[in-house]
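Below: one structure, written as structure tokens.
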Amino acid sequence: MTLAPMTPLAAMPSPSTAVWQLGPVPIRAYALCIILGIVVACVVTEYRLRRRGVAPGAVLDIAVWAVPAGIIGARIYHVITSPEKYFGAGGEPIKALYIWEGGLGIWGAVAGGAVGAWFAARQLGIPFTVIADALAPGLPLAQAVGRLGNWFNNELYGGRTTLPWGMEVHVMDPDNPGHALRDDAGNPVLQPGLYHPTFLYEALWNVGVAALVLFLDRKLRLGRGRAFALYVMGYTAGRFWIELMRTDEANLILGVRLNVWTAALVFLGALAYFIRVRGPREYLVPVGEPAPAAGPAGDVSQVDLSAREATAGPAAPEGYRVVTEEQFDAYRETGVLPPEPDDEPARAESATDDAASDGTDGDDSANADPADGDDTGADPERADAERTNAGRAEGGGRPADRDS
């Protein structure tokens, strides 16, 4: 009897180079993947913000604050959860700032990015929950793209496997970061066997989370940050079991990886928010939208066309006001802003006060003839004529003609 060979028939290769030199500038695959992921998230978020009523280009104003804050938060989380690499025996504290050498925690990235997005929302006058819900499907897509950087770095893999998609892992050269160690013949050195590509599992899971958020958001019309909470639940559920497969070094709590505990706690927090928070989807209309400039009177030849073209572009409003979906659809069709919630009661109260001051019923004053004597207080001569006519009527005489 012949035994089948233990060597797998197929395998997923890994790059042996993750850094390329462009003159003196190193081009890192990991950084390129993160940048591409940010672009994907911005494109998706911009599209969804516009559909909620936000002016074009707002996502760039948000990204200016959210992206740097997210990177700082990601690095802080990594340093806090792995302090021995920088402050332990043999550690170099200065390397805590060497972000280009890797070490970013997604939990810190989301937390830091949320702080930056909150600040941007305050500046733009956009409810923070609107931004969070718009970002919900774009963020897992960005994470999926960013995970490809781990493939280039030959990192974040799992245990040994003989599955056809098992991944070859190179031994990276510690003296030449971003490059595989090579043997005497110049060939890159591989780790023995094949390994679970857990980075790929997470990337595919994230794509599925994005699809889930888009589907349920369209079906349930989620609002008030519930779409973002759904993303958090979906991501942490996947991260929980994927983290258990990883074999790279990590700090442990009760024998379990730190990120497993983090995923479980964050999932419970997102679930509680999703269950407790209720409310319709939020739509926005502008507040303080600049009015179109009136054209100059006189000869058309005097119009400065270049100045008109320079100021013809749309300007961002001062802020936004939350309205219902029906009001938003009407605004999109007609261009007429819906009334403020307190407009109608204020108008009714004003009309009632005016009628009370005149000693008349508000309904009668609304239906009165414009030529009637309601405006006599503004004309002393007409008031005298009215009193004269009243006196003649009492004495049996004919009232004077009101037009005389």
Side-chain angles (χ1 to χ4, degrees), residues 17-19 24-35 37-38 65-119 139 142-143 146-159 169-181 191 195 198-199 202 232 235-236 239-240 242-269:
T17 302
V19 180
V25 180
I27 306 299
R28 305 178 189 277
Y30 187 73
L32 293 178
C33 291
I34 291 178
I35 293 172
I38 292 172
W65 293 99
V67 172
I71 294 175
I72 293 172
R75 187 60 175 179
I76 291 175
Y77 179 86
H78 169 75
V79 173
I80 290 176
T81 56
S82 303
E84 65 280 355
K85 296 182 179 180
Y86 310 100
F87 308 106
E92 300 180 52
I94 188 61
K95 287 194 173 183
L97 303 177
Y98 291 3
I99 196 171
W100 55 88
E101 292 186 357
L104 298 175
I106 184 60
W107 314 109
V110 174
V115 173
W118 175 84
F119 187 83
L139 188 53
Q143 292 174 255
R147 280 304 181 202
L148 296 179
N150 302 126
W151 177 55
F152 280 94
N153 287 348
N154 286 254
E155 60 187 5
L156 301 191
Y157 50 86
V169 177
H170 291 97
V171 179
M172 303 306 288
D173 190 349
D175 298 325
N176 189 15
H179 299 272
L181 188 68
Q191 299 274 10
Y195 300 83
T198 51
F199 76 89
E202 184 173 333
V232 174
Y235 172 72
T236 52
R239 183 65 182 266
F240 184 90
I242 293 172
E243 191 74 21
L244 291 173
M245 298 180 64
R246 285 171 50 172
T247 57
D248 52 305
E249 293 183 3
N251 290 326
L252 305 178
I253 298 179
L254 300 178
V256 179
R257 295 169 67 94
L258 172 62
N259 283 333
V260 174
W261 292 103
T262 304
L265 292 176
V266 174
F267 174 87
L268 293 176

Just by modelled atom types, is the H170 backbone N or O under 3.5 Å from a matching donor or acceptor in the N154 side chain? yes
Roughly how far, to the nearest 0.5 Å, is OG1 of T198 from CD of E202? 8.0 Å
Any side-chain heavy atom of E92 sitting closer than 4.5 Å to one from Y98? no
State whether the number of non-hydrogen atoms from other residues, nucleotides or ligands found under 6.0 Å of W65 atom CH2 is greater than 12. no
Test side chain to side chain contact (heavy atoms under 4.5 Å, CB included) on I106 and Y235; report intermediate values, then the result. CA-CA 11 Å; I106 184 60; Y235 172 72; 3.4 Å; yes
Separation between CZ of R75 and CD1 of I80, rounded to the nearest 0.5 Å: 12.0 Å
Any side-chain heavy-atom pair from V110 and L139 closer than 4.5 angstrom? yes
Under the salt bridge (Lys or Arg N to Asp or Glu O under 4.0 Å) rule, what pairs show up with a residue in residues 105-114, not counting sequence neighbours? none
Shortest non-hydrogen contact from A117 toward A66: N-CB, 4.0 Å
Indicate yes or no for a side-chain donor-acceptor contact from W261 to the backbone of I253 under 3.5 Å, with no hydrogens or angles considered. yes
F87: which residues meet the ring-ring contact (aromatic ring centres under 6.0 Å, His included) condition with it, sequence neighbours left out? none
Nearest 0.5 angstrom please: L244 CG to N259 CG, how far? 10.5 Å
Rounded to the nearest 0.5 angstrom, the NE2-CG distance for H179 and D173 is 9.0 Å
Can you pull out every salt bridge (Lys or Arg N to Asp or Glu O under 4.0 Å) where at least one residue sits in residues 254-263? Sequence neighbours excluded, please. E243-R257, D248-R257
By salt bridge (charged side-chain N to carboxylate O under 4.0 Å, His left out) - contacts of E249 (at least two apart): none
Go through the steps to decide whether V266 and F240 satisfy the test side chain to side chain contact (heavy atoms under 4.5 Å, CB included), and finish with yes or no. CA-CA 11 Å; V266 174; F240 184 90; over 6 Å; no
side-chain contact (heavy atoms from CB on, under 4.5 Å) partners for P26, two or more places apart: V19, Q21, R28
What is the distance from atom CH2 of W107 to atom CG of L258, rounded to the nearest 0.5 Å? 10.0 Å
Distance col, row R239:CZ vs Q143:CD, nearest 0.5 angstrom, shows 8.5 Å
So do Y86 and L97 actually touch side chain to side chain, heavy atoms under 4.5 Å? no
Mind listing the closest non-hydrogen atom pair of G159 and T247 along with its distance? N-CG2, 3.6 Å
For I34 and L104, run side chain to side chain contact (heavy atoms under 4.5 Å, CB included): C-alpha distance rounded to whole Å, both residues' side-chain angles, the deciding distance at 0.1 Å, then the answer. CA-CA 11 Å; I34 291 178; L104 298 175; 3.7 Å; yes
Over all heavy atoms of both residues, which pair between C33 and G149 is shortest? Give the atoms and the distance, please. SG-N, 3.5 Å
Look at the side chain of S82 and the backbone N and O of V79, then say whether any donor-acceptor pair between them is shorter than 3.5 Å. no
Holding to side-chain contact (heavy atoms from CB on, under 4.5 Å), I want the full list of residues that pass it with N150, two or more places apart in sequence or in another chain. Y30, R147, E155, L156, F199
